[in-house]
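First up is the structure itself, then whatever we jot down about it.
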Amino acid sequence: MDKIKRYIKYRKKSYLLNTALFIAVFIVAILIFGPPRYYAVPILSMIIGFGLVEFVGYKGWKKDEF
């Protein structure tokens with residue numbers, strides 16, 4: 001758990017930037033394509049996409065640090 005806490009401290013600014021980017025992309029997509037019938041599918045797919053990117057970044061960071 002200590003490794004994860006250190007990684008979160010290391011990536012803190014990036015999490016804030018990714019959250020802002022996530023919200024901005026979602027709002028722009030709603031403005032362009034109109035509101036989706038079901039909000040769960042696009043939200044979950046974007047969360048999974050960002051989650052995979054962060055997981056790969058964490059694995060690379062852990063390999064470099066340890």
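It should be emphasised that the depicted structure is a prediction, and the values quoted were computed from it without experimental measurement.
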Between [X] and [Y], is there a shared hydrophobic cluster once you connect ILVMFWY residues whose side-chain heavy atoms come closer than 4.5 Å?
{"X": "Leu21", "Y": "Ile23", "value": "yes"}
{"X": "Val28", "Y": "Phe33", "value": "yes"}
{"X": "Ile47", "Y": "Phe26", "value": "yes"}

**Asked** Which one of Val25, Leu31, Ile30 satisfies the side-chain contact (heavy atoms from CB on, under 4.5 Å) criterion with Ile27?
**Response** Leu31
